[in-house]
Number of protein chains: 2
Amino acid sequence: MEDVLAPDGRGLKHVAVREYVRSLVTGSAPGSPAPSERELVHQFGVARMTVRQAMDALVVEGLLERIPGRGTFVARPRRAASRITGYTEEMSRRGLLAESQTLLARREQAGPGVARALSLTEGDAVIHWRRLRRADGTPMCLEDAYLNEVLLPGFLQSGMPTSLYDALDGRGLRPTWAEDSITADRATPEEATLLEVDEGASVLRHSRRALAGDKVVEVSRTVYRADRFTLWVQLGHDV
Amino acid sequence: MEDVLAPDGRGLKHVAVREYVRSLVTGSAPGSPAPSERELVHQFGVARMTVRQAMDALVVEGLLERIPGRGTFVARPRRAASRITGYTEEMSRRGLLAESQTLLARREQAGPGVARALSLTEGDAVIHWRRLRRADGTPMCLEDAYLNEVLLPGFLQSGMPTSLYDALDGRGLRPTWAEDSITADRATPEEATLLEVDEGASVLRHSRRALAGDKVVEVSRTVYRADRFTLWVQLGHDV
DNA sequence: TAGTGGTCTAGACCACTAT
DNA sequence: TAGTGGTCTAGACCACTAG
């Protein structure tokens, strides 16, 4: 039989099968059976290899699980390391209202440390954004973020967003990789005043270098009130 | 042509092709070309679909990258969240000598918190292992680990290992998933004495719930000297 | 124009599971 | 025994890239 291709003219029958199966099984309980390969062959009038290509994708995705001799079934959802989140999303996840007060937002020349972290040259233009961040009205942390101005043209002029990560997302720069370091320390006098704690109170210092693909999009240093904040991290993944 | 199968009698030609290609490209620089599919068809005398099955596996693995119209090439290695490590491996990675002094290793009945964290019932038998851990001779942290005795029969009797994670590894219980929480605090008098710091010194408190598959294999609470230890975490992954 | 990967066919035999 | 997924064949046409 010649290759007439699908009615839509694009040779993507396996996509049609894949999305059909996906629509069938999303929402099904793990262990529910998916249609058998030969059943789909008859339904779609395609070759079995085409159906297998469709199912393979769903298996790789972790949606389906094949059991030889028995059939194909909805898989137990895989665990995966949590996506990289910023303060706003993290507080929202905890059921707290995130508010931020910008203390400083300006163009600066990168110092040696920031330049290295942002993969820039010393003296390059960076955006320095300092915020006092609250949760349900109480100071939670003080954050100094440094951004590569080249990646964010007009960022300072366009009015600062509430969520940096949402703003990055909108520019296709959502971080997919982050290198964090965390240590315990005591609040400096300035930090204590802003965070409304006693001088020398316990704080958690959190540094992040966040990348979107190859591009370093954010370097930040945040100091959290230890009496109000515990950092949660999930590590690893299934299979 | 009938299905004579490979010389070894097992119908796994795609494995032979896959491992041949893997051996060719491991060590090659990203961007190096892999053999073309039709080239492998001739070399192995197999059908193209068989070659594609082999290559598909390597693409999913992240070793190869297909570029339509150009060929198949060695992919840039994907970043992936670091594997879950214990103290011994972490110190070794930092070039420090890890030593441990067992302060306590005994069978206990799980209290409510430990029982819940280990997915056990209160009163079930657990192993409680407390260690003072040093790096290059200086106290670094104090760790209380709780283990499910049912998963580790004879663990206490077989002599305590240096590395818990190596011991778990040997029993097929290497953690693949961990839920950590981190906070800053001050050392209690007892902690200060053991860690050889002043009472009230800054410490990092790190709790972990580590799983191997569905099984909770370790629940631990560790207190680190903040003057000696910074926690490093990598998050996210490519694609 | 030659070569590449992308898609697809219409079968086949195998080992395994469930009835 | 019937049904399932696992493997495999020997072709085919397509869009795309590169020389």
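Computed from heavy atoms alone, side chains included, the values below leave out hydrogens, waters and symmetry copies. Proteins get letters first, then strands, A, B, ... in listed order; numbering begins at 1 in each.
A donor-acceptor contact under 3.5 angstrom links the side-chain atoms of B/Arg38 to the base of C/dG5. With hydrogens and angles left out, the side chain of A/Arg48 and the base of D/dT7 share a donor-acceptor pair within 3.5 Å.
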Open item on the list: Counting Watson-Crick and G-U wobble pairs with both distances under 3.5 Å, what is the dot-bracket string for DNA chain C, 5' to 3', using [ ] for crossing pairs and | for pairs to another strand?
Closed with: ||||||||||||||||||.
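For CZ of A/Arg221, the number of neighbouring non-hydrogen atoms (other residues, nucleotides, ligands) closer than 6.0 Å is 12 at most.
A/Arg22 has a carboxylate O that lies under 4.0 Å from a charged side-chain N of A/Glu61, or vice versa, which qualifies the two as a salt bridge.
Comparing B/Ile67 and A/Gly45 against DNA chain C, the residue whose closest nucleotide sits nearer the 5' end is B/Ile67. Each of A/Asp56 and A/Gly69 was assigned the nucleotide of DNA chain D with the nearest heavy atom; the assignment lying further toward the 5' end belongs to A/Gly69. Positionally, the nearest nucleotide of DNA chain C for B/Met55 lies more toward the 5' end than for the other of B/Met55 and A/Thr50.
Within the structure, every side-chain polar atom (N or O) of B/Arg52 is placed at least 4.0 Å from both OP1 and OP2 of C/dG5. Phosphate proximity of D/dA18 to B/Arg70: present, with a side-chain N or O under 4.0 Å from OP1 or OP2. Look at A/Ser36 and you'll find a side-chain N or O under 4.0 angstrom from OP1 or OP2 of D/dT4.
Distance alone, capped at 3.5 Å, is enough to place a donor-acceptor pair between the A/Arg174 side chain and the A/Ile84 backbone.
The side chain of A/Lys13 has C/dC8 as its nearest neighbour among D/dT9, D/dG5, C/dC8.
The two atoms that bring B/Phe155 and B/Ala167 nearest to each other are CE1-CB, 4.0 Å, heavy atoms only.
Every residue two or more places apart in sequence or in another chain that forms a salt bridge (charged side-chain N to carboxylate O under 4.0 Å, His left out) with B/Arg66 is listed here: B/Glu37, B/Asp56.
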